Amino acid sequence: MLEFKGTAISTGYAIGKILYLNNSKKNIPKYTVTDTESELKRFYEARNITSNQLSILNNRAIESIGSKNALIFEFQQMLLNDNAFRTFIENIIMNEHMNCEYAVKMTSEHFSEMFANLDDDYMRERSDDILDLSNKLLNTLMSENNTSSNKLNITEPLIIAARELYPSDTLSFKKENILGIITALGSFTSHASIISRIMGIPSVSNTGAILERLNGRNAIVDGELGKLIVDPTEGMISQYKSKKQRYEEYHKMLNSQKGLPTQTADGKKIDLLANIGSIDGVQSAIDNDAEGIGFLRSDFLFAGRASFPSENEQYIAYRAVSKAMGRKTTAICMLDLPPDQQDGYFNLLSKEKNPAMGMRGVRLLLENPNLLKTQLRAIYRASAHGKISICIPMVSSVSEVRSFKKTAKEVRDELKREGINYDPSTQIGIMIETPAAAVISDILAGMADFMTIGTNDLTQYTLAVDRNNDELFNFYITGHKAVLRLIKMTIQNGHKAGIPVDLCGDLAADTRMTEKFLRYGADGFSVVPNDILEMRAKIRSINLSEKKTK
Ligand code: PEP
Ligand code: MG
């Protein structure tokens, strides 16, 4: 038995035989041609065949992954018919007297590189789609080595192993015949990965295994832990069979929640949002049907580097997240890097003895007006491209909020003077994560568009227990009465002022507490993407009009 650790791309378990798919296009023939007219003819024929394949794939994709994801094939169809793309190929054949395969390869690489260097995230992502299109053209041209016939001949369920898969590769299989996918290359956010998640195919990449040697061997793909087990023992197989069964039953229930409204059994609508800590998290939020981003930790842009991220770098990141979320709101939490994680370049204070109580969140920002202004400018600029709101972290007094809002106004005025677009209706909310903020939440509520209760810090500060100290684990009592009272009070104060109050932090995703929080009046929950569907199922099972049984 051999075990390899890789990247978990799509969850679930597969147990079966491996089929190694040799779809790498390393050896594209390159030779000169004298009869350029017939070479052009070969290209036009391949183009027609590919165009038909794309129409079939497009229809299949609309059925299995939805029309939004199927746009990949529309884009490929567009490029195939694009004059510049066609002329580039024709020129290589006619002027350089090169063969068609070589012309397609060079042209695709040229266009792919051009797209990869574009400023726009959407366009940059198209770069892989161009290579996918090129593979299709080459498959048709080199039909003697055509791997697609190999694919279409799959008549029994198998685990597919390949160096790299493109969206059309995955879609060209019948879903019931792919048990799982193992690839040597492939990132979590690539299109092929997204498609395997949408289709629910367990998938692992970057395992380091030499895939060519695995053809025909039994294996287990563990898409939860990102593991590949080759030649598993009987014991291992039966262990995984029961894991698989439990997983499938649970996920069937969760998947049935996708697309359903988040509301209680008696019809109260609740916001169910995602907490994410990086740009990559957006995809997971979308996959899990988040109704928005309730809490984007901006710390990832600041940690582990040598200098502050520029306004433009931040702007590009915020814009990418909010654009990906479309019409749904992205709540960006201002920088809140605890002092012990602040890299040298912050250079703000000498080492703090008690970092959790130190210079972080809104304090750090107000003490460093340039840092604050730069981040606000980046966020406001991004607000012109999506629906964004701003959260102020670690508030403990009214004056902090006042100063923060004053700077936010200065930034808006500055942008207006400079003629830079931003959304003037961008909301500003307060994180309630210190006991002080909860106690004065009646006043703070009057200064904010919304409040979000950060239950992790609120618990640590209320109980005076360091949330990062494992030795104090038994004292960090989640759902402690004192914390619950502060939560209830904050929600009531928010509602008196007419603003919504959400919960984030780990306690927000504790389904044993959901009914309690809903009865307090919580308007929404922001949880990690993987917890969204379970939370939806929980919320939909609760009937607030029924009297509590205990
Ligand atoms: C919290 O404190 O609950 C919270 C959501 O913020 P963080 O975990 O980033 O401190
Ligand atoms: Mg916090």
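Computed from a predicted structure; not experimentally measured.
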Using a strict threshold of under 4.0 Å (side-chain N to carboxylate O), is an ion pair present between R297 and D299? no

Side-chain touch V483/T455, heavy atoms, less than 4.5 angstrom: no

Please determine, by modelled atom types, if Y422 and R412 share a side-chain donor-acceptor pair under 3.5 angstrom. no

Between S310 and N312: side-chain donor-acceptor atoms closer than 3.5 Å: no

Would you call I390 and L376 a side-chain contact if the rule is heavy atoms closer than 4.5 Å? yes

So which atom in E433 and which in G454 form the shortest heavy-atom distance, rounded to 0.1 Å? CB-O, 3.5 Å

Salt bridge or not between E410 and K406? Use side-chain N to carboxylate O under 4.0 Å. yes

Okay, side chain of K268, backbone of L518: is any donor-acceptor separation there less than 3.5 Å? no

The reported gap from CE in M325 to CD1 in I276 (rounded to nearest 0.5 angstrom) is 7.5 Å

Contact between S196 and I9 at the side-chain level, heavy atoms closer than 4.5 Å - yes or no? yes

Taking the side chain from T434 and the backbone from M394, do they hold a donor-acceptor pair closer than 3.5 Å? no

Would you find a donor on one side and an acceptor on the other, under 3.5 Å apart, between the side chain of E291 and the backbone of L272? yes

If you count every heavy atom of other residues, nucleotides or ligands that lies below 6.0 Å from E471 atom CD, does the total exceed 12? no

Closest non-hydrogen atom pair between Q427 and F450, with its separation: OE1-CD2, 3.8 Å

Between CG on residue N206 and NZ on residue K5, distance to nearest 0.5 Å: 10.5 Å

Donor-acceptor pair, N288 side chain versus A290 backbone, under 3.5 Å? no

Would you call the rings of F517 and F525 parallel, tilted or perpendicular, taking 30° and 60° as the class edges? tilted

L503 and A508 have their tightest heavy-atom pair at O-CB, 3.5 Å

Between F302 and Q375, does a side chain to side chain contact (heavy atoms under 4.5 Å, CB included) hold up when you go through it step by step? CA-CA 11 Å; F302 294 81; Q375 190 171 22; 4.1 Å; yes

Whether D266 side chain and L544 backbone form a donor-acceptor pair below 3.5 Å: yes

When you measure from the side chain of D449 to the backbone N and O of I428, does any donor-acceptor pair fall under 3.5 Å? yes

Heavy-atom pair with the smallest gap, counting every atom of D336 and G361: OD1-N, 3.1 Å

Does a salt bridge link K252 with E248, judged by any charged N lying under 4.0 Å from a carboxylate O? no

For R519, does the CZ atom sit with more than 12 other heavy atoms under 6.0 Å from it, leaving out its own atoms? yes

Verdict with reasoning, T514 to I539, per side chain to side chain contact (heavy atoms under 4.5 Å, CB included): CA-CA 7 Å; T514 312; I539 292 166; 3.9 Å; yes

Under 3.5 Å, is there a donor-acceptor pair linking the side chains of T330 and Y318? no

Side chain N275, main chain S526, donor-acceptor under 3.5 Å: yes

Would you check if L371 and L365 make a side-chain contact, meaning some heavy-atom pair closer than 4.5 Å? yes

CG (L165) and OG1 (T183) are apart, to the nearest 0.5 Å, by 6.0 Å

I'd like to know if the side chain of R536 reaches the main chain of D289, judged simply by a donor and an acceptor atom lying under 3.5 Å from each other, with no hydrogens or angles considered. yes

Side chains of T452 and D502: any donor to acceptor distance under 3.5 Å? no

Within-4.5 Å side-chain heavy-atom neighbours: K269 and T262: yes

Has S205 got a side-chain atom pairing as donor or acceptor with A184's backbone, closer than 3.5 angstrom? no

Distance, nearest 0.5 Å, that separates NZ of K387 from CG of D423: 9.0 Å

Heavy atoms only: give me the nearest A209-L228 pair and the separation to one decimal. CB-CD2, 4.1 Å

Which pair of heavy atoms, one from V439 and one from D442, lies closest together, and at what distance? O-OD1, 3.8 Å

Do the charged groups of R417 and D413 touch, with an N to O distance under 4.0 Å? no

So, the side chain of T462 versus the backbone of T459: is there a donor-acceptor pair under 3.5 Å, distance only? no

Charged N to carboxylate O below 4.0 Å: is that the case for D506 and R467? no

Looking at K516, I'd like to know if its NZ atom is crowded, meaning that more than 12 non-hydrogen atoms belonging to other residues, nucleotides or ligands lie closer than 6.0 Å. no

Does the Lys NZ or Arg CZ of K243 fall within the cation-pi geometry relative to Y240 - under 6.0 Å from the ring centre and within 45° of the axis? yes

Hey, are the side chains of I72 and I195 touching, using non-hydrogen atoms and a 4.5 Å cut-off? yes

Are E400 and R363 close enough that some pair of their side-chain heavy atoms sits under 4.5 Å apart? yes

Step by step, work out the side chain to side chain contact (heavy atoms under 4.5 Å, CB included) result for K538 and E534. CA-CA 6 Å; K538 181 72 197 177; E534 188 170 354; 5.8 Å; no

Quick check: are there more than 12 heavy atoms from other residues, nucleotides or ligands sitting under 6.0 Å from NZ of K409? no

Is any side-chain heavy atom of I332 closer than 4.5 Å to a side-chain heavy atom of V321? no

Is there a side chain to side chain contact (heavy atoms under 4.5 Å, CB included) between M447 and R402 once you walk through the steps? CA-CA 8 Å; M447 308 173 78; R402 203 175 289 132; 4.2 Å; yes

Say you draw a straight line from CE of M357 to CG of D466; how long is it, rounded to the nearest 0.5 Å? 9.0 Å

Indicate whether any N or O donor in one side chain lies under 3.5 Å from an N or O acceptor in the other, for N456 and Q460. no

When rounded to the nearest 0.5 angstrom, what is the spacing between CZ in R377 and CD in E414? 5.0 Å

Tell me if the CD atom of E113 is crowded by more than 12 foreign heavy atoms within 6.0 Å. no

Does K258 NZ have over 12 foreign heavy atoms under 6.0 Å away? yes

Quiz item: cation-pi between R381 and Y315, 6.0 Å / 45°: yes

